[in-house]
Protein chains: 2
Amino acid sequence: MIHINEVAKQTHITVRTLRYYDQIGLLECSSKTEGGHRLYSDEDLQKLQQIQFYKSMGYRLQEIQEMLTDPNWNWTTGLVNQLTYIQEEQARLKEMELSLRTLLNGIAVEAGNQEQAVQKLIKLSMQDKKRPMHFREKMFSDTELKLWTKLPNMNGEHPESMEWIALIGLIIKYHASEVPSSPNVQNVIRRMLEKQAEEFPLEDEFIDKLWELRKSPSASEQLGMYPIEPEVLEYLERAYEIYISNTAEGDFRQGGEA
Amino acid sequence: MIHINEVAKQTHITVRTLRYYDQIGLLECSSKTEGGHRLYSDEDLQKLQQIQFYKSMGYRLQEIQEMLTDPNWNWTTGLVNQLTYIQEEQARLKEMELSLRTLLNGIAVEAGNQEQAVQKLIKLSMQDKKRPMHFREKMFSDTELKLWTKLPNMNGEHPESMEWIALIGLIIKYHASEVPSSPNVQNVIRRMLEKQAEEFPLEDEFIDKLWELRKSPSASEQLGMYPIEPEVLEYLERAYEIYISNTAEGDFRQGGEA
DNA sequence: ATAATAAATGACGTAACGTCAGTTTCAAGC
DNA sequence: GCTTGAAACTGACGTTACGTCATTTATTAT
């Protein structure tokens, strides 16, 4: 029989918490002094450990109470339910993480103008909900639509998307200060082409089609692409052409058999 | 200028929420009728969209209020902080998921006796905190200690652990009803050896040493291994010997150069 | 003008405690 | 036995972002 403060020290649970558990009937101490001070037995401590254990799995106190009292508690079902719940929460957090990364990259893309990035992304996410997808289906064949799902996007379903965005961000950054032929810009182009070869091997025709659509602001918007200013796109195209002409009968179109 | 109910319909935000936002000063409607009914302007709606946008990234209303009002708000820092927070939450949930999976497997291992599994796991997690690690270091060389970190454990740092646990669970299940030479059991042994060859190629000596320790309950406990009844271990050993003798000058010890 | 509908305010509830404030009990020394 | 400082007790309010009543007032259609 030990006092509440001793329990707190041993278990690293606060006195307040112990009193609260007593109050809601989750862990009533097995006896009290005549003056009303709580006294905890070894069994109480063991029960407390169990409570901690279940708490570490994200259960709420009410549920823990049921588990501990109901002899017919279905453990497997209960655990699987909790597991499902935890996984849903994880999915929610993942979406939040993606939104945050998207905005961060958006701000980078807009050269620090958050208002711009926020507005564009809000507009995009609203369109996402409304878009009837007909435009996409009209523009592409079935095989192309399958490729479409693998494209990087600002909603960032895949980490790869973020790499693409970072590359675009670099282009926009250099756009303000460097000529398209500068080594920095050419380096980005090279990395873009490498990524393209990795992720879309042997799909040059599809990529060319995409590029044409990308250059049309209205088509881009209808397709739900993140809006990029036309002058940036032109800058990118020039840099690309310079890269191609420099590598000429090049040694880079080989990657993609994996 | 539209009424509150219209806003609710358009934005899928409840009337209660709009009134609450007004109350805490997050979104005060720009005008009211003489009778006191709220009227929202297009600007109000835009602000509301922004609020929704930030909420989707897990920000709290107070923080959103600061973002919207403070012109010196540091966006990049704020976003990175939130990202960190979200990632910590994800880590917490991952631990919960692992605990749940561990208990589920523990219950499987204990043939449905949850009390047993819970007790064992609580004991294990308590030992985990207290164990001074000296025993491990005494028993193994430096290279072996590196291998140790790759071992499967019931805390399940890697998904691989769960596979091992499932296999052990099968062994314990069959232990009650089948002889070690049965096809089911031999199948599990084969999968265990395959996994071993994948994860610990060319480390037979280390595995043998581990097996010896595993067979001693006290050594297992000191090393923080999930307790398995001695008779199950003997059963497993017999099944292993039968498997080895059947595959004789076998065709399975080759896997592991990857 | 009246009735039906919609909007307003206010209050309580949620989960799991933290943090006072004010009062009572315990344990030890004299 | 008495005093005293430490510890324990019991409320009560605060936290987050609303949901859910209950009651009253405004608007709108007929």
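Proteins get letters first, then strands, A, B, ... in listed order; numbering begins at 1 in each.
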Treat primed atoms plus P, OP1 and OP2 as sugar-phosphate and everything else as base, then score nucleotides 9-16 of chain C 5' to 3': B for base contact with protein heavy atoms under 4.0 Å, S for sugar-phosphate contact only, - for none.
-> B-B----B
May I have the distance from B:I2 (atom CD1) to C:dA6 (atom P), rounded to whole angstrom?
-> 16 Å
Look at A:E229 together with A:K120 and state whether they make a salt bridge at an N to O cut-off of under 4.0 Å.
-> yes
Can you tell me how far P of C:dT5 sits from NE2 of B:H37, to the nearest Å?
-> 16 Å
Answer yes or no: is there a donor N or O on one side and an acceptor on the other, between the side chain of A:Q50 and the main chain of A:L68, under 3.5 Å?
-> no
Non-hydrogen side-chain atoms of B:I168 and B:V188 separated by less than 4.5 Å = no
Any side-chain N or O of B:T33 under 4.0 Å from OP1/OP2 of C:dA7?
-> no
Quick one: do the A:S99 and A:T102 side chains pair a donor with an acceptor below 3.5 Å?
-> no
Using whole Å, report how far CD1 of A:I51 lies from P of C:dC17.
-> 10 Å
Should we say atom CD of A:E43 is surrounded by more than 12 heavy atoms from elsewhere, each under 6.0 Å from it?
-> no
Would you list the pairs meeting salt bridge (Lys or Arg N to Asp or Glu O under 4.0 Å) in which at least one residue belongs to residues 87-100 of chain B, sequence neighbours left out?
-> B:E89-B:R92, B:E97-B:R101
Which nucleotide of DNA chain D is the first, and which the last, in the 5' to 3' direction, to come under 4.0 Å of a heavy atom belonging to chain B?
-> D:dA17 to D:dT27
More than 12 heavy atoms from other groups under 6.0 Å of CD on B:E115 | no
To the nearest Å, how far apart are A:E34 CD and C:dC26 C1'?
-> 11 Å
Verify the ring-centre separation between A:W75 and A:Y54: is it less than 6.0 angstrom?
-> yes
